[in-house]
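These notes are about the structure you will find just below.
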Amino acid sequence: MKGKAVLEGCSPVVAIVLIVWFSQLSAAQNSCESHCGQLSGDCSCQPTCESLKECCADYRQFCLQISPHSGTLLGGADFIILNTTFDPASELVCRFNSEIDTKGYVDNGNRGHCVSPLLYESGWIPFVVSSDNGTTFNRHGTWLAVHHSKVSTEFQITLHNATEWQYYGTPNTGGSLTMSWDASLLTAVTVNVELWGYRETGEAYSDSWNPELRFLYSLGKAVPNNGSFTFVPHCAEKPFSDWEIGALRVSSSMNDEGARDVAALWTGVHALAWHLEEKFRKDSASWAYDKCISWHETEQKLPDFLSEIADCPCTLAQSRADTGRFHTDYGCDIEKGSVCTYHPGAVHCVRAIQASPKYGAGQQCCYDHTGAQILTADSIGGSTPDRGHDWGSPPYRKPPRVPEVSHWLYDVITFYYCCLWSDNCHYYFTHRPSSDCRTYRPPRVGVVFGDPHFITLDGSTYTFNGKGEYYLLNTTYKALTVQVRTEPVSLENGSLAKATRLSAVAMQESDSDVIEVRTTSLPDHLEVLRNQQVLSFSEQSWMDLRGAISNETSLFTYDTTDLLNTYFYAEKHDPAFVPVYSVIENTDDPLYGEMSKLCGQDPFCKFDTMTTKNLAMGNATKISFQSHVSLVKDLEPVLSCGWLAPPTKGKKEGTTYLAGSTVKFTCNKGYVLTGSAERTCLSTGMWSGDAPHCVSDNILGIVLGSVGGALALIIMIFMIYRHSRKQQ
């Protein structure tokens, strides 16, 4: 009534103004403009709104879908804004991470385009778009920036005979170099071929330490965009020749030289041997030795990161099974032919997924064909830790945490100095020694499979067939939460069995992204969601993520009417669902014979086959259980006694240092072995025998002569003493 009285007392003009204002407010509440991820009045701007058919009418105009949705963190990817059109006169500005602006444009089809900038970081990058030249940013999207080596080769510049590029100027390496790219990816008749260098400036491990990717000079201007460029490298003048790592960029010649954040293609970061100063070409080994010594002296002043990195797994089997902490090193992968350029003798390497907590350092572990870890103390192909983690770590934009390039600067180009361009690896391995596995502790393994059956981290087993949503794991350590959803198993006749299966798993650590994995209506298909948004793996197979229940604490996505009715509005645990607790094996059952043949003595396989009346279900359970058993076996603790050094002036045979292993020792010609000729790693974690030493024949003769003379003197004195006593 008060509102009515006020309106009646107002002039007609004021009333009209109020009515217009209220109508504008109502329209704003039903618009997704600046409301992405939220509820807006009577409609939704959340990712689930599309499948629930409750989106605001302008959802896709303001909550953007793009193609491609990912690209190199070096920038230059031209992506299209889908499902909306723009006025041709619009002036697009795209702002990434709330601070980096790039110029967008509208094409002939009225589709908007943005260009990704240099980001110095990987992961999901939020961006906003303005169509009025930066006055209003009201459209929201997310861009996936990835480590350059993980970008599809289609979107990279290829260096032909890449080894020649990185050894150019060393003995027997010269001539012309060629690079190629997909010309259709650049809408330009002519292009510029540019060299960009990378370095990090400021005091190490301080706030002044910053990354810098800088344009140096052009190798070619207004070159025809035919997808190929060949040139004969010339030594660069200073200060350009001081930049020793970098990448090449190809972009439209309509842009100014070195223009930042324009549509472009990049090579990977590499050693710029082909442009280094004349001194390098005259005597590359001497030049590299000087660089190695300079790096060695610098490393001595930097903090020691080795003490905080995790030890390597002891065996190849452990390294491949410990997938929570270690991931395949794409530079040495047994599944892809074991092309291990920097680790000769290795068949597989893994890298620690997480960087070390204080210094952002990385760990690498390499293994030979026997499954034993290779140590740098024994071989140039050994495992090497890294001052800069190759995949980077938060905060990514601070050295030495910038993905790929920090690693190149501190761990790769330095390997070239000391090991590849000169023969001084002992300096490199002084600062990058392999970590052995004496303190490695394999993780414990738990599993949920089948109907479902649980094997806990301590090895306990049980079956739980409740229907609903539950906590699987909830721990205050790391604030880790894992939730599961179960649903009844469908029988072949379409009815529901009195047993359930996992249909979704959701997890979150502290305030990280919520990651959910769930089944779909398609057989043998899974969906992965990040913060309720279904992820597409069409472009990337690796993504860097930001790290009974109630609806308030649920991590699950409810994007269908069935999920809302069955799990969101209903009780979290369905008390009306009574599962089968045991199965009677009836030999008259037509399925019994085939079940027995399939399952043998596997109780889980038997239970699931007879409960669901489905041999395929039983077989899947059997495979899951066998996989778990195999994983547990691979992760069994292995005892290491630690590395043994060969004796000075001698050799050792054997480079495995695990329990039961034996190492043998011999001496060079002219030397004689003292101590143990072989030592065995005992179950106590100690080596048997005594440390071996090689003693020169001459020295041994002198020692033996001296000992013999002393013994003769002692005997003579004793005889005289005895004779004297006898006389007395």
Side-chain angles (χ1 to χ4, degrees), residues 37 39 44 46-49 51-52 124 323-325 353 443-490 496 499-521 525-535 537 543 545-577 579 604 608 620-621 624 628 631:
L39 292 174
S44 174
Q46 296 174 321
T48 57
C49 76
S51 58
L52 292 172
W124 295 93
T323 53
R325 293 183 289 185
I353 293 173
R444 294 185 178 183
V445 185
V447 67
V448 184
F449 61 97
D451 260 358
H453 310 289
F454 294 76
I455 301 179
T456 63
L457 297 175
D458 60 1
S460 298
T461 62
Y462 64 92
T463 296
F464 175 76
N465 265 313
K467 174 178 173 284
E469 293 176 346
Y470 309 92
Y471 280 106
L472 178 65
L473 180 67
N474 193 24
T475 172
T476 55
Y477 178 70
K478 297 285 188 179
L480 175 63
T481 297
V482 182
Q483 299 174 1
V484 296
R485 174 187 292 152
T486 62
E487 65 178 18
V489 177
S490 296
L496 298 179
T500 58
R501 64 168 187 168
L502 291 190
S503 60
V505 179
M507 63 206 80
Q508 183 180 36
E509 180 181 334
S510 189
D511 59 351
S512 73
D513 292 329
V514 175
I515 303 303
E516 183 177 352
V517 182
R518 66 185 185 185
T519 58
T520 71
S521 58
H525 279 69
L526 294 174
E527 272 185 344
V528 180
L529 295 85
R530 167 186 170 269
N531 299 335
Q532 300 187 333
Q533 186 79 48
V534 176
L535 295 178
F537 292 90
M543 297 185 184
L545 304 170
R546 301 299 185 203
I549 61 178
S550 66
N551 284 334
E552 289 73 24
T553 59
S554 174
L555 302 178
F556 289 107
T557 302
Y558 304 94
D559 55 356
T560 67
T561 303
D562 181 63
L563 288 176
L564 286 171
N565 293 336
T566 307
Y567 295 100
F568 188 79
Y569 298 124
E571 293 186 65
K572 287 301 178 184
H573 171 74
D574 185 354
F577 183 82
F604 305 116
D608 290 2
T621 296
S624 296
H628 173 73
L631 190 63

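- When all heavy atoms of Gly446 and Leu457 are compared, the closest pair comes out as N-CD2, 3.5 Å.
- By the ring pair (Phe, Tyr, Trp, His ring centres under 6.0 Å) test, Tyr462 pairs with Phe454, sequence neighbours left out.
- Note: Thr463 OG1 to Asp608 CG = 7.5 Å, rounded to the nearest 0.5 Å.
- Remark: Thr475 engages Tyr477, Leu480 in a side-chain contact (heavy atoms from CB on, under 4.5 Å) (not counting sequence neighbours).
- The side-chain contact (heavy atoms from CB on, under 4.5 Å) search around Arg501 returns Glu487, Val489, Thr519, not counting sequence neighbours.
- Taking both residues in full, the closest heavy atoms of His573 and Gly466 are given as CE1-CA, 4.3 Å, listed atom of the first, atom of the second, then distance.
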Tyr569 and Leu564: CA distance, side-chain angles, deciding distance, side chain to side chain contact (heavy atoms under 4.5 Å, CB included) verdict: CA-CA 6 Å; Tyr569 298 124; Leu564 286 171; 3.8 Å; yes

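- Looking only at side-chain heavy atoms (C-beta outward), Thr566 and Lys467 come within less than 4.5 Å of each other.
- When atom types are taken as modelled, the side chain of Asp458 and the backbone of Ser460 share a donor-acceptor pair closer than 3.5 angstrom.
- Annotation: salt bridge (Lys or Arg N to Asp or Glu O under 4.0 Å) contacts of Arg518 (sequence neighbours excluded): Glu527, Asp559.
- With rounding to the nearest 0.5 angstrom, the CG atom of Leu535 is 9.0 Å from the CG atom of Asp513.
- Asn565 is linked by a side-chain hydrogen bond (donor to acceptor under 3.5 Å, both in side chains) to nothing, counting only residues two or more places apart in sequence or in another chain.
- Two residues are said to be in side-chain contact when any heavy atoms from C-beta on lie closer than 4.5 Å; Tyr471 and Thr481 meet this criterion.
- Of the residues listed (Gln508, Gln483, Gln532, Met507), the one engaging Val514 in a side-chain contact (heavy atoms from CB on, under 4.5 Å) is Gln508, and it is the only one.
- Taking the side chain as every heavy atom from C-beta outward, Ser503 and Thr486 never approach each other to under 4.5 Å.
- Taking every heavy atom of both residues into account, Arg325 and Pro443 meet most closely at NH2-CD, 3.1 Å.
- Nearest approach of Ile353 to Gly324, heavy atoms of both residues: CD1-O, 3.8 Å.
- Using a 4.5 Å heavy-atom threshold, the side chains of Tyr558 and Thr48 count as separate.
- The two residues Pro47 and Asn531 make their nearest non-hydrogen contact at CG-O, 4.2 Å.
- Atoms CG and CZ, from Leu529 and Phe556 in turn, are 11.0 Å apart once rounded to the nearest 0.5 Å.
- Here the closest heavy-atom approach between residue Glu509 and residue Lys478 is recorded as CG-O, 3.0 Å.
- For the pair Val448/Val484, no side-chain contact is recorded, criterion being any heavy-atom separation below 4.5 Å from C-beta on.
- In this view, His453 and Phe449, Phe604, Phe607 satisfy the ring pair (Phe, Tyr, Trp, His ring centres under 6.0 Å) rule, not counting sequence neighbours.
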